[in-house]
There are 2 protein chains.
Amino acid sequence: MSNLSLIETARDFNRFYTNFLGLLNKAYLDTPFTLTDARILFEVGSHDGVSAAALVRDLQLDPAYLSRILKRFRAEGLIETSPDPADLRSQVIIVTDQGRETFEELGRRSNAQIAARFDRLASGEPEAAVSAMCTIRALLDPAAKPAPAIIRAHRAGDIGWIVQSQGRFYAEEYGWDLRFEALVADVAGKFLANFDPAKEYCWIAERGGVNVGSVLITNSGDGVAKLRLLYVDKSARGLGLGKLLVDECIRFSWQKGYRELSLWTNDMLETARAIYVKTGFRLVSEERHRMFGPEANGQNWMLDL
Amino acid sequence: MSNLSLIETARDFNRFYTNFLGLLNKAYLDTPFTLTDARILFEVGSHDGVSAAALVRDLQLDPAYLSRILKRFRAEGLIETSPDPADLRSQVIIVTDQGRETFEELGRRSNAQIAARFDRLASGEPEAAVSAMCTIRALLDPAAKPAPAIIRAHRAGDIGWIVQSQGRFYAEEYGWDLRFEALVADVAGKFLANFDPAKEYCWIAERGGVNVGSVLITNSGDGVAKLRLLYVDKSARGLGLGKLLVDECIRFSWQKGYRELSLWTNDMLETARAIYVKTGFRLVSEERHRMFGPEANGQNWMLDL
DNA sequence: CCGCGTTAGTTGACTCAGTCCACTAAATAC
DNA sequence: GTATTTAGTGGACTGAGTCAACTAACGCGG
């Protein structure tokens, strides 16, 4: 569960924006269209040939209601419909010239309105606002489909991100205390401080500019590599990123001449364990511990390379 | 007139958010309240003693409509009204205990809804979304006053945040390499690992649920406290947070019986230096170094307590 | 103090956006 | 070939929101 004051702030913003959009939409009162009419007209105007069913889905309308509105639009000569040859139940909607004119007129008014709003801002401010809008949209719009994940080496800030995300995750999920975050900070910090590019590496999985996963290989000496801090963020699970990161580690360790790859984990991390099993690791030992508060079962795994 | 594609993007966002809010507001269908009811109840619940006229103004409602809704609320025992002694035309609206319960229940549901939405996001993304919301609000809402910052002790994830934000900031701003982030991780990690609540502390400045600043006090022994990792995020500068954090440190160090407070900084950090001077620190030594790549001027400062 | 324009709030009368249900026809699953 | 799902439509309704007309209190100028 996210931070409460974060949520309060978001609610506050939503109240504000409800109001703001309400004001903007009042402008449709000058025209014979309701907000819903305008949304439909916009959708039809910008995606020529949509079906009514698609509109119902995208705009979350009642089919009967939409049907009536389309009927009215048809009567007013704004659109024409014809059955879809590929599916005779369905019909494709196309805008007439007059419909297009109306659509564009609505667009002009809407633009003018926003332009008027933006005109009151200082230079650079509209850009800042729009960029913030894009941020929100990318985060909250499920249809703005997530960019594909990529895996790359670590950069400034990434080690901190590892500490933060894991510290927070294990605290929220398993009630581990700050000693765990301390351990992560220690491991990650030492990795960075003594980083040996010839034998060590840090992979960061990133999606749309946001970090969503990580893993480290550190040198334990004696030809043993250690896989550490494997983590995939909640938002990116089920994409096979964990497996991908572990595969990277195995390939890297083999290539750098390590003899063995070892790792330490805790048994409640089922998904991780499944990956270790699948990639050929074997369990060498386990011990119960209370290193971070609640009791847990630490496990050492090993892979011969 | 602003850039056209900027406006198009803003319109696009508005369409998306109209939809988004529409979805959120569907949830009120579970309750006997409409969106308008909920907005009114929220306003009344959070500003006890408002007048109907104020509601009409703030929520842009029809007075007749509001009057009827208030009448209903009164009948249901959610609110009570009494004439305003200062203006007998007007009436003050106060919520009854039952009304407050309802108000809080609505709040809980609304929170849960947003929490559910946020749960699908990656760690750090809710913060990013909310911070973008604040940006928009600050720009578009003439009445918006920035959320007040609060200063609190550290929690899970905060130490990682310190490492990440400073690692990234110094890399971007001054081109410092990963050795700096390693140093921060080391300092922060050791702080957490050896944390002694009797002599040490970490303050996090938070605004609207987003971390915007930090500072640590660590024990250097011999009655010397060390102020470390002072940082205020770009988005929150100019609010005096840096001064506030340093003041906290001084008060804490004095109270815990330290003799001296020392710190290490670099001279290109003008704002920080100004704070140190103002709070009575004196420069004891400086040396040029290349610890993090580019040449810099490290300084040791000291304050007698 | 009186009139006159204004503001706070209320009631009556209405309308029209949006919903629910039942139905037809085509498509798809089994 | 039958059963189930999906696309679209019309009938019937409801209730959120609007508009106009009203009362009562305020406040300003003379």
Side-chain angles (χ1 to χ4, degrees), chain A residues 18-19 21-23 25-44 47 49-76 79-94, chain B residues 18-19 21-23 25-44 47 49-76 79-94:
Chain A
T18 301
N19 239 317
L21 289 173
L23 278 180
N25 293 334
K26 279 247 168 60
Y28 288 118
L29 295 179
D30 291 351
T31 72
F33 297 105
T34 67
L35 172 57
T36 310
D37 287 351
R39 290 173 70 206
I40 294 170
L41 201 53
F42 177 86
E43 208 61 23
V44 171
H47 306 116
V50 281
S51 67
L55 290 178
V56 165
R57 218 182 321 103
D58 295 348
L59 302 178
Q60 341 243 0
L61 297 171
D62 181 282
Y65 184 33
L66 176 66
S67 172
R68 257 179 277 268
I69 292 176
L70 290 179
K71 190 178 178 184
R72 199 179 73 229
F73 282 1
R74 221 181 290 128
E76 285 167 0
I79 60 170
E80 278 165 5
T81 56
S82 57
D84 181 349
D87 180 344
L88 293 174
R89 292 171 309 180
S90 181
Q91 50 182 252
V92 290
I93 305 166
I94 50 170
Chain B
T18 300
N19 239 315
L21 289 173
L23 277 182
N25 294 333
K26 277 244 168 63
Y28 288 118
L29 295 179
D30 291 350
T31 73
F33 298 105
T34 67
L35 173 58
T36 311
D37 287 351
R39 290 172 71 204
I40 293 170
L41 201 52
F42 177 85
E43 208 63 22
V44 172
H47 307 116
V50 281
S51 66
L55 290 177
V56 165
R57 219 181 320 102
D58 294 349
L59 302 177
Q60 341 243 0
L61 297 171
D62 182 282
Y65 185 31
L66 176 66
S67 171
R68 254 179 277 270
I69 291 175
L70 290 180
K71 190 178 179 185
R72 200 180 71 228
F73 282 1
R74 221 180 290 128
E76 286 168 358
I79 60 169
E80 276 164 6
T81 55
S82 57
D84 181 350
D87 180 345
L88 292 175
R89 292 171 306 179
S90 182
Q91 49 182 250
V92 289
I93 304 167
I94 51 168

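In the text below, chain A, chain B and the rest are named by the order of the sequence lines, each starting its count at 1.
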Heavy atoms only: give me the nearest B:Glu43-B:Leu55 pair and the separation to one decimal.
CG-CD2, 3.4 Å
Give, ordered by number, those residues of residues 86-94 of chain B having at least one heavy-atom distance below 4.0 Å to an atom of DNA chain C; if nothing qualifies, reply none.
B:Arg89, B:Ser90, B:Gln91
Once rounded to the nearest 0.5 Å, what's the spacing between atom CG of B:Leu70 and atom CD1 of B:Ile40?
6.0 Å
Under the criterion side chain to side chain contact (heavy atoms under 4.5 Å, CB included), I'd like the reasoning laid out for B:Asp37 against B:Arg72: C-alpha separation, chi angles, the key distance, then a yes or no.
CA-CA 10 Å; B:Asp37 287 351; B:Arg72 200 180 71 228; 2.4 Å; yes
Rounded to the nearest 0.5 Å, what separates atom CG in B:Leu66 from atom CD in B:Gln60?
13.0 Å
CA sep, side-chain torsions, deciding dist, call: A:Val50, A:Val92, side chain to side chain contact (heavy atoms under 4.5 Å, CB included):
CA-CA 6 Å; A:Val50 281; A:Val92 290; over 6 Å; no
For C:dG9, does either OP1 or OP2 sit under 4.0 Å from a side-chain N or O belonging to B:Lys71?
no
Hey, does A:Ala52 reach any base, or is it just sugar-phosphate, or nothing, if we go heavy atoms under 4.0 Å?
sugar-phosphate
For A:Leu35 and C:dA17, give me the distance from atom CG to atom C1', rounded to whole Å.
11 Å
Would you please say whether a donor-acceptor pair under 3.5 Å links the side chains of B:Thr81 and B:Arg74?
yes
Roughly, in whole Å, what's the span from CD1 in A:Ile69 to P in D:dG8?
14 Å
To the nearest Å, give me how far apart CG (A:Leu66) and P (D:dT6) are.
18 Å
What is the separation between atom CZ on A:Arg72 and atom P on C:dC16, rounded to the nearest whole Å?
11 Å
In whole Å, what is the span from the CG atom of A:Leu59 to the P atom of C:dT19?
13 Å
Looking only at side-chain atoms of A:Tyr65, point me to the closest of C:dT19, D:dT9, C:dG9.
C:dT19
Can you tell whether the side chains of B:Arg89 and B:Asp84 come within less than 4.0 Å, N to carboxylate O?
no
Which of the following nucleotides, D:dT9, C:dT11, D:dG8, is nearest to the side chain of B:Ala64?
C:dT11
For A:Asp84 and for B:Ala54, locate the closest nucleotide of DNA chain C by heavy-atom distance; then report the residue assigned to the nucleotide nearer the 5' terminus.
B:Ala54
Atom CZ of A:Arg68 and atom C1' of D:dG11: how far apart are they, to the nearest Å?
8 Å
B:Asp58 CG to C:dA8 P, straight-line distance once rounded to whole Å
12 Å
How many Å lie between CZ on B:Phe73 and C1' on C:dG9, as a whole number?
17 Å
A:Arg74 side-chain proximity, nearest of C:dA17, C:dT11, D:dT9
D:dT9
